[in-house]
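Working notes, structure below.
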Amino acid sequence: MTALSWSTWPLAEIGDNFPDSGPRLNWSDLWAYGIAVIVGAVITGIVMFVRRRNDMTAHCNNSWKLFRELCLIHGLDHPSQRLLVALASVRQFEQPTQIFLTPEAFDASDLPPEWQARTGHLRRLKMVLFDQQSG
Amino acid sequence: MLPLQRTIDALAKSHNEAATPTLIAALSTSSVDVFDGVVRALCARRSKVGHTAVLRYWDSLTPSQKLVVEKGRCRMGVALREALLDGDDRLFAAAHEFVEASGDYDLVPTLVMVAERTCGERADAAVALTLNLVDQLCRWLAADREPVMGRDPETIRYCVLESLERSVERYRQHRRAELLEAFVVLAGPDSNTLRHVLDAPYHPCHQSIVQSLTASVSPNILRLLTTIYAYRDASQAVRNVVAKRTDQPFIDALLATPLDSKNVLFHKNLARTKSLACCEANPAILAQLADEQQAAAMRLLAASGAGDDRKLSLAELLMKHGPVEARVAACDALRPIAGQRANQVTLQALQDPDGEVQAAAVRQLRERRIPGAMNKLLELVESSNEAVSTAARDALWEFTFENYTARFDLLDDDARRSMGARVALVDRTTLARLRAELGNPARRLRLRAIEMIAAMCLLPQLADALIERLQDEDHLVRVAAADALQHCTADDVRNALLAAIDDRSVAVQTAARNSLRALNGETTPGAAPTLIGEGTP
């Protein structure tokens, strides 16, 4: 604080000797600008992140991105995507995308009992991913 | 598009590297459709790991799946190279089979590297595959056909040859003669490197390449050997190989090479070859040769620098046991060889049952200055065999009507008769030319033609032309014709002479009467002439 006051003292003297100079800008006035810049950077970062996340043409090695890419191609909704993720987890696939190439994984007979309620959804998904003719 | 197809396409084209492990994991699927798609997607991606994974499944792929993999070979080079160089046995076998099936010439340098490594099954397999690929390439080059991969064979040859030339430079280290053979086959007769090796007996590869040329029965090697020998300035090493080889494939290749008189290099190489083992008088070798081949062997030996004794031995053998073509070739081969032995074979050929062989002997009879050759030739002019007759006429080339006409005025009567008889025998145009001469506008030439007819004893054959001359405008010609006709006995001659008695010229009348008298005609001077056929019942 002492150091700050020593460094700002000559500036204060110079400004004070001009009668019509108006109120002088202090360091504290920059906070607003700083916050605006930070918010802008955060927004830009988020936009870039989202754009990059959805840019399927960029080179990368991300299995979840590939999963989303395949979901987009097949037009799967969020519940279906969540179901596929859960199924891949239950089937202990190393890559979640393996579910798109494993039709036998949709067979509910060897799944835990709580999956029996979702048998219909699984059957529909299997048809969408493997059997159904697309218009 | 089926949803699975969409998934496969997306994974094949995705820029996300995570697609590769996903696809590799799916290779263990039990679904045939999924497996097909996964193989296709992995081959379409540029991923060495993915391609290696597919190669690991090579044995279990169906032919159609293998075809899909082969189509993706342009992206699989790295994986294949690694499989060949450092892969385990299964990967090596898969890569080997893949290259064999697809004919991927980009991998030849890798195969050469494997082949140059220490001996073993892999090196042997790599050598065999390299030779197969080179053979296939040579077939494409020979057929001038675009290979299935759509690349220019000459470009492929250039690339493969470059790696083989490097291998030749490393021959001291690897000692793989098969690689040298592949190089020799592909290098062709115009390769400077090959020529340099063949010309340098102390080159590390010289012995091995000469050994390949000596022992190999590969059609490509044989083609190269015969091409160098027949169409290039062959080095000593090549001439030695050609001189020594007696195996059937080589003989077939050499004897199929046409011996064109315009092919200077072939004749030059032959002349510098002092022996040709495959063309020697060896009954065992000759027995294996077809008729035309025996003739070709005789022609090659005749053109070679071999001694006359060897040529005569083969000619004698062929004259005794050879087919017609070979006997003719043997006879022709005797032509430049002088001496008693060659004369005997020629005379033996005159007794040959085949006219072509006789004709070949007749053509050289005069050159040999064999006693009685002229009379024999004149005798053979009348041979029933057209070839013999023509050959005899060709041999008696100076007995032409032109020569006779040119010299006629200079000859005495005996010479006119003897030479005229020979010309009439030898020159087939004599009668026609005499007829033409009889019609010549110049009186002197017409009179000379009548004289020549008489000297050649051709009066009976030209009686009709002489009868026409009885109507000649010039009375001297008519007199000569009437006089000459006394030697013709045909009925129309007699009638023509009877008619000539009424000629306005007394000289012609007298000549006609004399001729009729000579023909034992009954017509008396002053009596009315009786035409034969009119006066007799």
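- Distance check, rounded to the nearest 0.5 Å: CG of A:Leu129 to CZ of B:Arg6 gives 9.0 Å.
- Of the atoms belonging to A:Leu70, it is side-chain heavy atoms, and not backbone ones, that fall under 4.5 Å from chain B.
- Counting heavy-atom pairs closer than 4.5 Å to chain A, the top-ranked of the candidates B:Leu23, B:Asp33, B:Thr29, B:Leu11 is B:Leu11.
- There is no contact between A:Thr102 and chain B, counting heavy-atom distances below 4.5 Å.
- Contact between A:Glu69 and B:Ser14 at its shortest, heavy atoms only, is OE1-OG, 3.3 Å.
- Proximity of A:Pro103 to B:Val34: side-chain heavy atoms (C-beta onward) are separated by under 4.5 Å at one or more points.
- Atom CD of B:Glu17 and atom CG of A:Asn62 lie 12.0 Å apart (nearest 0.5 Å).
- Surrounding NZ of B:Lys66 are more than 12 heavy atoms belonging to other residues, nucleotides or ligands, all under 6.0 Å away.
- Within a 6.0 Å radius of CZ in B:Arg175, more than 12 heavy atoms belonging to other residues, nucleotides or ligands are found.
- Nearest heavy-atom pair across B:Ile8 and A:Leu101 is CD1-CD2, 3.7 Å.
- From A:Phe130, atom CZ reaches atom CG of B:Leu2 across 12.0 Å, with rounding to the nearest 0.5 Å.
- Taking all atoms of both residues into account, the shortest heavy-atom contact from B:Thr22 to A:Thr97 is OG1-OG1, 2.6 Å.
- Put simply, CD on A:Glu104 and OG on B:Ser31 are 7.0 Å apart, with the number rounded to the nearest 0.5 Å.
- The minimum heavy-atom distance linking A:Phe100 with B:Leu4 is given by the pair O-CD1, 4.5 Å.
- The number of heavy atoms from other shown groups lying within 6.0 Å of CD (B:Glu169) is above 12.
- Within a 6.0 Å radius of CZ in A:Arg52, no more than 12 heavy atoms belonging to other residues, nucleotides or ligands are found.
- Closest non-hydrogen pair, B:His15 versus A:Ala58, comes out as CB-O, 3.7 Å.
- Counting heavy-atom neighbours within 6.0 Å of A:Gln92 CD, excluding the residue itself, gives a total of 12 or less.
- Neither the backbone nor the side chain of B:Thr20 comes within contact range of chain A; no heavy atom of the residue lies under 4.5 Å from a heavy atom of that chain.
- Looking at A:Gln98, both its backbone and its side chain come within 4.5 Å of chain B, counting heavy atoms on both sides.
- Looking at B:Asn16 and A:Met56, their side chains never come closer than 4.5 Å, going by heavy atoms from C-beta outward.
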